[in-house]
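Let me begin by presenting the structure, written as structure tokens, before commenting on it.
Each residue takes its place number in the sequence, starting with 1.
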Amino acid sequence: MSYLVDDDRDRVDTDMVWGALREAYWGKWRSRDDVATQIREAWRVIGAYDAQSGEQVGFARAVSDGLGFAYLADVIVLEEHRGNGLGKRIVKAMIDDGPGAHFRWTLFTSDAHGLYEQFGFTDPGPTALVRPAGELPIHATQAPVRD
């Protein structure tokens, strides 16, 4: 398959992103409105699209001060399109090919260290501190069904 990757915010399919994030361990707590707000207010977004159909198959967003710091979030590729290098293309477009190429980037991940290490992400060292988030609520669409 052939894919296109770009930063056109108007092209992002909010329903696709929300649907994908509802399946991801880090995105279950968000409503569709939450995701729409995060897309709209992100410093930058990257979408990945099937070149033939135009269907969106991947996404990432970043929050930044626009000068020297950015936080990479919600890097996701639909399962049926994984294994085609799209995660790498999305991250490269976001951090190496965009206006934040000289920024200090941060992110959080439980399972994709190998991907991000390829782009220079490392243990932050002794000068970094992180305050963990409190327990996130489970969005109503993710709550267990009770009989």
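Scanning all heavy atoms of the two residues, the minimum distance from G47 to Q56 falls at CA-NE2, 4.0 Å. Taking every heavy atom of both residues into account, S64 and L67 meet most closely at OG-N, 4.4 Å. Taking every heavy atom of both residues into account, G87 and V77 meet most closely at N-CG2, 3.9 Å. The shortest non-hydrogen separation linking A70 to F103 is CB-CD2, 3.8 Å. Of all heavy-atom pairs spanning L107 and L72, the tightest one is CB-O, 3.6 Å. Listed here is the closest heavy atom pair of D111 and T109: N-OG1, 3.3 Å.
Counting non-hydrogen atoms of neighbouring residues, nucleotides and ligands closer than 6.0 angstrom, the CD atom of Q52 reaches no more than 12 such neighbours.
A side-chain donor from one of D34 and S31 sits under 3.5 Å from a side-chain acceptor of the other.
The closest side-chain heavy-atom distance from R30 to Q38 is below 4.5 Å. Residues W26 and D74 form a side-chain contact, since some pair of their non-hydrogen atoms from C-beta on lies under 4.5 Å apart. The side-chain heavy atoms of L78 and M16, taken from C-beta on, include a pair separated by under 4.5 Å. Between W43 and Y71, the closest side-chain pair of non-hydrogen atoms is not below 4.5 Å.
Remark: the backbone N or O of I39 is paired with a side-chain donor or acceptor of R9 at under 3.5 angstrom.
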Contacts under 3.5 angstrom, residues 113-128 side chains, donor-acceptor by atom type, not counting sequence neighbours:
unit_1	atom_1	unit_2	atom_2	d
Q118	OE1	K88	NZ	3.3
Q118	NE2	G114	O	3.2
D123	OD1	G125	N	2.9

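The CD1 atom of I90 lies 11.0 Å from the CG atom of D6; values are rounded to the nearest 0.5 Å. Note that the CZ atom of R61 and the CZ atom of R44 stand 14.5 Å from one another [nearest 0.5 Å]. Rounding to the nearest 0.5 Å gives a distance of 10.5 Å between CG of D8 and CD1 of I46.
With sequence neighbours excluded, the residues satisfying ring-ring contact (aromatic ring centres under 6.0 Å, His included) with H81 are Y3.
Criterion: ILVMFWY side-chain heavy atoms under 4.5 Å apart, direct or through other members. Under it, V5 and V12 are part of a common hydrophobic cluster. Under a hydrophobic clustering in which Ile, Leu, Val, Met, Phe, Trp and Tyr are joined whenever their side-chain heavy atoms come within less than 4.5 Å, directly or via other members, V75 and Y25 fall into the same cluster.
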Between N84 and R89, does a side chain to side chain contact (heavy atoms under 4.5 Å, CB included) hold up when you go through it step by step?
-> CA-CA 9 Å; N84 294 304; R89 287 183 61 190; over 6 Å; no

